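Report on the structure given below.
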Protein chains: 2
Amino acid sequence: MERKRLPNDACPIARSLDVVGDWWTLLVIRDALAGVTRFNTFQRCLGVARNSLSARLTALLERGLLEKRPPSDGSAFMEYVLTAKGQALAPVLIDLEQWGITHARGSAKNAPTFVDRRTNRRPRTLRMQSSDGKLLHASDIVGSQAWRERFRF
Amino acid sequence: MERKRLPNDACPIARSLDVVGDWWTLLVIRDALAGVTRFNTFQRCLGVARNSLSARLTALLERGLLEKRPPSDGSAFMEYVLTAKGQALAPVLIDLEQWGITHARGSAKNAPTFVDRRTNRRPRTLRMQSSDGKLLHASDIVGSQAWRERFRF
DNA sequence: CCGTATCCATTCCGATACTG
DNA sequence: CAGTATCGGAATGGATACGG
C-alpha cells in the first residue's frame, strides 16, 4: 500500500496527498461527510469492490481520519465516522465540488452535492485571501523563495 | 489511462477526481502554480520518471488545464503554463497545504509552501461559509436530499 | 448484514536507452 | 535541454467465494 517515498517530504501538500491522494480515499471521505456510516452504504454509493473498500477504510482508521463507533441506533453493527482530522478535509471537497461544477461539467446534470443542513443550500465558494484580507487570485500565488532557490526556477 | 467509469457521473467531486485524482497530477499543478514552466524543472522538483511526467503533462494539455506556450525569455523551448481552468484548482491546493501542515506533520520541517508574491506570506486558511455568510463547520454539512434518498442513508 | 481472503487482469511507475 | 520508446516489477482494483 506504500507508494514510492516522495522526494519532498517537507512539502505539506505532498504529505497530504500521501494520505488522501489515492483514487478512492477522497470519495470515501465525501460519503462520510455526507452522512454515510455503514460498510454496505459506502459500497452502494461508490460501486467499489468490497475488498478495496475494506482496505481504504482500514487505512483511514489507521491514519486517524475515521473511527469505528458502536451503533447509534439499535443496530448490531459498528459505524464509521469522521474524526476531527477527517472533518478537516471538508474544504478540500467543497473546492473540488465547485471546480467540478464549473470546469468539469459532464453530460449529466449535477446532482449529488453537499448542502448546509440548516438552509439546505450549497456552501459558498471559498475565496483565497492574503494574510491582510485582500482577495487573492491564482496568479498572485508563487512558490516560497526557499523552494524556488532549491530547484532553481 | 482511463480508469473504470465512475458509478456516479452526476457527482461533481467524482468528475473532478476523474481529472486530477491520480497520483501525480495535483503535484504537477502545485509546481505549475508555484511558477514552474519547463519539463526538466518539473522533473527535478517532482523526482518523477520522465515518461510518467510526459504522460501527465500530455493529459493535462488535452484536458485543458495546461497550455504550451512559446518561451517568454530568449530560450528555445516551450513553456507549460496553467490555463484559467488549471488556475481554478488553486483553492484545492491551498486547502491541502493547510491540512498537511495541521494534520500530517512529518518529522521534517514544513518548507515549500505557496506565498502571496506581494506580501511573501501564506494565504489565509479558507473557511467554509453558508449561503448567508455564516461560518460553517464540517458537521453542519450533509449530503443533498436527492443523494440521501437515492442511496438510502 | 458485515466484512476478509484469494485470484487474476490491468495499469502504473521507474530505470534505462535513445532521438532531436 | 526536451522529450519518446521499451521493458519489467509492483500495486490496484474487480469478481468471487467464504466466514462472523
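For clarity, every value in this text was computed on a predicted model and none was experimentally measured.
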Would you mind telling me which residue lines up with the more 5' stretch of DNA chain D, B/Asn40 or B/Asn51, judged by nearest nucleotide? B/Asn40

What is the ring orientation for A/Phe114 with B/Trp147, classed by angle as parallel under 30°, tilted 30 to 60°, or perpendicular over 60°? tilted

Please report, rounded to the nearest Å, how far the [atom2] atom of [N] is from the [atom1] atom of [X].
X: A/Trp23; N: C/dC13; atom1: CH2; atom2: P; result: 13 Å
X: B/Trp24; N: C/dC13; atom1: CH2; atom2: C1'; result: 9 Å
X: A/Leu53; N: D/dT12; atom1: CG; atom2: P; result: 15 Å
X: B/Leu27; N: C/dC13; atom1: CG; atom2: C1'; result: 14 Å
X: B/Glu79; N: D/dG3; atom1: CD; atom2: P; result: 11 Å
X: B/Asp22; N: C/dC13; atom1: CG; atom2: C1'; result: 12 Å
X: B/Leu57; N: D/dA2; atom1: CG; atom2: P; result: 12 Å
X: A/Gln43; N: C/dC1; atom1: CD; atom2: P; result: 12 Å

Using OP1 and OP2 only, check whether a side-chain N or O of B/Lys68 sits under 4.0 Å from D/dA2. no

Between B/Arg38 and D/dC1, does any side-chain N or O lie under 4.0 Å from OP1 or OP2? no

With heavy-atom distances below 4.5 Å as the criterion, would you say the side chains of A/Arg15 and B/Trp99 are in contact? no

Taking any heavy-atom pair under 4.0 Å as a contact, classify B/Phe42: base, sugar-phosphate, or nothing. nothing

side-chain contact (heavy atoms from CB on, under 4.5 Å) assessment of B/Asp140 paired with B/Ser130: CA-CA 9 Å; B/Asp140 301 324; B/Ser130 66; over 6 Å; no

Charged N to carboxylate O below 4.0 Å: is that the case for A/Asp132 and B/Arg121? no

State which of D/dG3, C/dC13, D/dG20 makes the closest approach to the side chain of A/Phe77. D/dG20

Counting side-chain heavy atoms from C-beta on, which of C/dC13, D/dG13, D/dA2 comes nearest to B/Arg50? D/dA2

Closest heavy-atom pair and its distance - B/Met128, A/Ile94: SD-CG1, 3.7 Å

